[in-house]
Amino acid sequence: MSYLSSNQLKQYDDEGFVCPINIFSKEKAKEIRNEIELIENKIPEELEKSGRYNAHLISPLLDEVTHNSKVLDAVESIIGENILVCGTTLFIKNPNEKGFVSYHQDAKYIGLEPHNWVTAWVAITDSNEKNGCMRMWSGSHKDNLKDHDQKFNEGNLLTRGQTINNVPKEETTPLILEAGQMSLHHPTVVHGSELNQSNDRRIGFVIQSYISTNVKQVLGKNSVQLARGVDNFNFHEKIGRPDTLMSKNDRELKKKENDNLQEIFYKGSTKKGSY
Ligand SMILES: O=C(O)CCC(=O)C(=O)O
């Protein structure tokens, strides 16, 4: 039986996203936030800029979220029972910084084909219109990939500042989540987010993405963790999970994976952004 209800699956099929899905308590979310902030305090560059990827490889609590059985049950309802984790991203918006995310489709520059994958956005803090939650253009996943301008613009939290122009904001839906809840979204749904105008940080831990074992990386090389089921395809190298916070070996592994990611994200681009 599917973990997501038939209404939730219908929402995903019709709109390209589903939310809110309850995963853990606000207290647990605070514990996870503390671990993120501990890493930031100890080694600031570890989570900054292009360091923001794959923090689950150095943080046991983020690893626990990535392999959380409720998250995986919901993901299984969408992509089936053989699930790989192919990366994570921390999307942090601090108050008084000009961070935003332009409207884009994840599938455009990520190299994961076919699109039998889904992205989980887990709220470590509340996420709402005031602090710049994600906004989805409902139904846009049914179209093909759209043209993106590569703006490399200041404040844009995407690698290339990739932007789909003229998205009608009035047709977008804010994904309002409380800390400990998550949303799932489709590889081709158009989405973005605005500035954080609150007095606190907005932290999203994004598993980008959960892929089915039949998905290939066509632009470079990703390593993966087997999250559930069996992998009869073996398209990707497998990597382990951390048992301590920020061990030297795990930090080296994260660095290696992130270097590979840069190759993928900037494939064919003459310019490089800061992420
Ligand atoms: O966190 C955000 O505001 C945007 C995140 C995003 O674009 C994504 O998870 O695909």
Side-chain angles (χ1 to χ4, degrees), residues 12 15-21 23 29 33 36 47 49-50 52-56 62 65-66 71 74-75 78 85-95 97-112 115 117-138 140-141 145-146 148 150-151 153 155-164 167 169 172-179 181-198 200-211 261 264-265 273 275:
Y12 186 82
E15 305 198 52
F17 58 87
V18 54
C19 81
I21 301 169
I23 304 298
R33 174 175 179 163
I36 292 168
L47 301 183
K49 305 289 180 187
S50 58
R52 70 180 178 173
Y53 304 107
N54 293 319
H56 70 297
L62 291 178
V65 178
T66 307
V71 175
V75 166
I78 291 173
V85 175
C86 102
T88 64
T89 309
L90 272 168
F91 274 99
I92 299 180
K93 283 185 192 167
N94 292 319
E97 285 179 5
K98 299 269 175 264
F100 70 99
V101 172
S102 51
Y103 284 100
H104 67 284
Q105 291 166 304
D106 292 343
K108 185 75 179 178
Y109 297 110
I110 211 167
L112 297 171
H115 294 167
W117 48 275
V118 65
T119 299
W121 199 103
V122 182
I124 306 301
T125 61
D126 291 350
S127 185
N128 49 47
E129 288 192 88
K130 174 125 188 169
N131 68 10
C133 65
M134 279 200 295
R135 304 187 70 90
M136 299 270 154
W137 192 9
S138 181
S140 54
H141 64 300
L145 285 176
K146 296 177 189 300
H148 289 60
Q150 298 184 31
K151 298 196 172 181
N153 42 349
N156 198 326
L157 301 179
L158 296 181
T159 48
R160 304 170 182 228
Q162 58 266 39
T163 305
I164 299 171
V167 172
K169 183 176 169 190
T172 62
T173 308
L175 300 198
I176 295 167
L177 298 172
E178 289 183 8
Q181 295 184 320
M182 76 163 179
S183 58
L184 294 174
H185 66 263
H186 189 280
T188 54
V189 71
V190 175
H191 61 288
S193 68
E194 297 181 357
L195 301 182
N196 177 0
Q197 307 204 63
S198 75
D200 194 11
R201 323 179 81 186
R202 191 223 65 171
I203 304 179
F205 175 61
V206 187
I207 299 92
Q208 200 162 43
S209 294
Y210 289 107
I211 65 175
L261 261 186
I264 294 167
F265 287 154
Y275 295 96

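These numbers were taken from a predicted model, which means no experiment stands behind them. When a ligand or atom number is given, it counts from 1 through the structure's own listing order.
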Sequence neighbours left out, what passes ring-ring contact (aromatic ring centres under 6.0 Å, His included) with Tyr275? Give chain and number order.
none
Across all chains, not counting sequence neighbours, the ring-ring contact (aromatic ring centres under 6.0 Å, His included) partners of Tyr12 are His186
Reference residue Thr125; test side-chain contact (heavy atoms from CB on, under 4.5 Å); the match among Lys93, Arg33, Glu178
Arg33
Will you find, in the side chains of His56 and Thr66, an N or O donor that is under 3.5 Å from an N or O acceptor?
no
Between the protein and ligand 1, are there any N or O atom pairs that come within less than 3.5 Å of each other, and if so, what are their names and distances?
| unit_1 | atom_1 | unit_2 | atom_2 | d |
| --- | --- | --- | --- | --- |
| ligand 1 | 1 (O) | Trp121 | NE1 | 2.9 |
| ligand 1 | 1 (O) | Arg202 | NH1 | 3.4 |
| ligand 1 | 1 (O) | Arg202 | NH2 | 2.8 |
| ligand 1 | 3 (O) | Ser193 | OG | 2.6 |
| ligand 1 | 3 (O) | Arg202 | NH1 | 2.9 |
| ligand 1 | 3 (O) | Arg202 | NH2 | 3.4 |
| ligand 1 | 7 (O) | His104 | NE2 | 3.3 |
| ligand 1 | 7 (O) | His191 | NE2 | 3.1 |
| ligand 1 | 10 (O) | Asp106 | OD1 | 3.1 |
| ligand 1 | 10 (O) | Asp106 | OD2 | 3.2 |
| ligand 1 | 10 (O) | His185 | NE2 | 3.2 |
| ligand 1 | 10 (O) | His191 | NE2 | 2.9 |
| ligand 1 | 10 (O) | Gln208 | NE2 | 3.2 |

Who passes ring-ring contact (aromatic ring centres under 6.0 Å, His included) against Tyr53, sequence neighbours left out?
Phe265
With a 3.5 Å cut-off and no angle check, do the side chains of Lys146 and Ser140 form a donor-acceptor pair?
no
